Amino acid sequence: AFAGVQASITPKEITISFTADDKVYDGTTAATVRDFSFLGLVAGDAMEVTATASFAGSKVGKWDVTIEEGFTVTGNDEGNYAIDFADNVTASITPKAIAISFTADDKVYDGTAVATIRDFVFPGLINGDALEMTAATASFAESKVGAWAVTIDDGFTVTGNNDGNYTIAFAGVQASITPKAITVGFTAEDKVYDGTAVATIRDFVFP
């Protein structure tokens with residue numbers, strides 16, 4: 001007969017790989033993960049993961065993505081596996097697109113396309129962010145009388161976007177160039193009576 005002998009079966013170490021989705025900047029580190037793969041499971045075993053994950057940073061860029069504490073692995077009730085997660089998963093946070101709106105003033109015709117702009121509004125900013133327009137000039141699409149599109153000239157500066165968290169566009173804005181009122185001066189010549197009201201004029205002046 002053989003004496004009773006005892007030995008232990010220890011958990012098998014496995015590394016769970018997964019995929020993380022890129023996302024548009026939202027001011028948080030929350031990441032969406034999927035496609036969990038259980039490398040090294042013994043044939044016949046099956047497991048599932050319920051987990052949340054985080055980017056290493058909240059700003060625009062390519063970041064490591066890690067599984068947060070509190071994940072759940074079903075199918076490992078007996079503790080047959082020691083769980084680890086892949087540490088080489090990365091994903092990107094991309095800039096959030098915003099269209100800055102503004103007001104353009106109507107103006108009296110002055111022969112130029114220069115426009116006066118004001119009242120910048122930044123719709124869609126993430127709570128806690130603040131942007132400001134500086135060194136912004138604008139132009140009418142034409143310099144003549146009419147209702148024209150007004151566009152921001154190159155060379156504007158948006159402060160508060162140092163990390164490139166936003167891609168900047170401008171909403172379509174229109175304003176009018178109105179006619180300039182002038183009084184034309186002229187000279188009228190004296191004449192000898194001829195029974196008519198016809199006058200001779202000359203020396204027009206356009207002040």
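Only heavy atoms go into these numbers, but all of them, side chains included; no hydrogens, no water, no symmetry mates. Remember, it's a predicted structure, so these values are computed and weren't measured experimentally.
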Quick test of your reading: applying salt bridge (Lys or Arg N to Asp or Glu O under 4.0 Å), list the pairs with at least one residue in [range], sequence neighbours left out, ordered by first then second residue.
range            : answer
residues 163-174 : Lys59-Asp163
residues 5-16    : none
residues 130-147 : none
residues 113-128 : Asp105-Arg118

Could you work out, with side chain to side chain contact (heavy atoms under 4.5 Å, CB included) as the rule, every residue matching [X], not counting sequence neighbours?
X      : value
Val198 : Lys191, Thr196
Asp190 : none
Phe206 : Ile182, Val184, Phe204
Asp84  : Thr15

For Lys180, all residues meeting salt bridge (Lys or Arg N to Asp or Glu O under 4.0 Å), sequence neighbours excluded: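 Salt bridge (Lys or Arg N to Asp or Glu O under 4.0 Å) list for Lys180, sorted by chain: empty.
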
Pairing residues for Asp64 by the salt bridge (Lys or Arg N to Asp or Glu O under 4.0 Å) criterion, not counting sequence neighbours: none

Glu69 atom CD, neighbour heavy-atom count above 12 within 6.0 Å: no

Crowding at CD, Glu68 (>12 non-hydrogen neighbours, <6.0 Å):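 Result for CD/Glu68: enclosed.
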
Aromatic contact, Phe122 with Tyr166 (centres under 6.0 Å): no

Contact summary for Pro123 and Ile98, nearest pair of heavy atoms: O-CG2, 3.5 Å

Over all atoms of both residues, closest heavy-atom pair of Ala115 and Val150: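 Nearest heavy atoms, Ala115 then Val150: CB-CG1, 3.8 Å.
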
Sequence neighbours excluded - ring pair (Phe, Tyr, Trp, His ring centres under 6.0 Å) pairs with any residue from residues 42-78: Phe71-Phe85

Where at least one partner belongs to residues 145-157, residue pairs that pass side-chain hydrogen bond (donor to acceptor under 3.5 Å, both in side chains), sequence neighbours excluded: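 Those involving residues 145-157 are Thr137-Asp153, Ser139-Asp153.
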
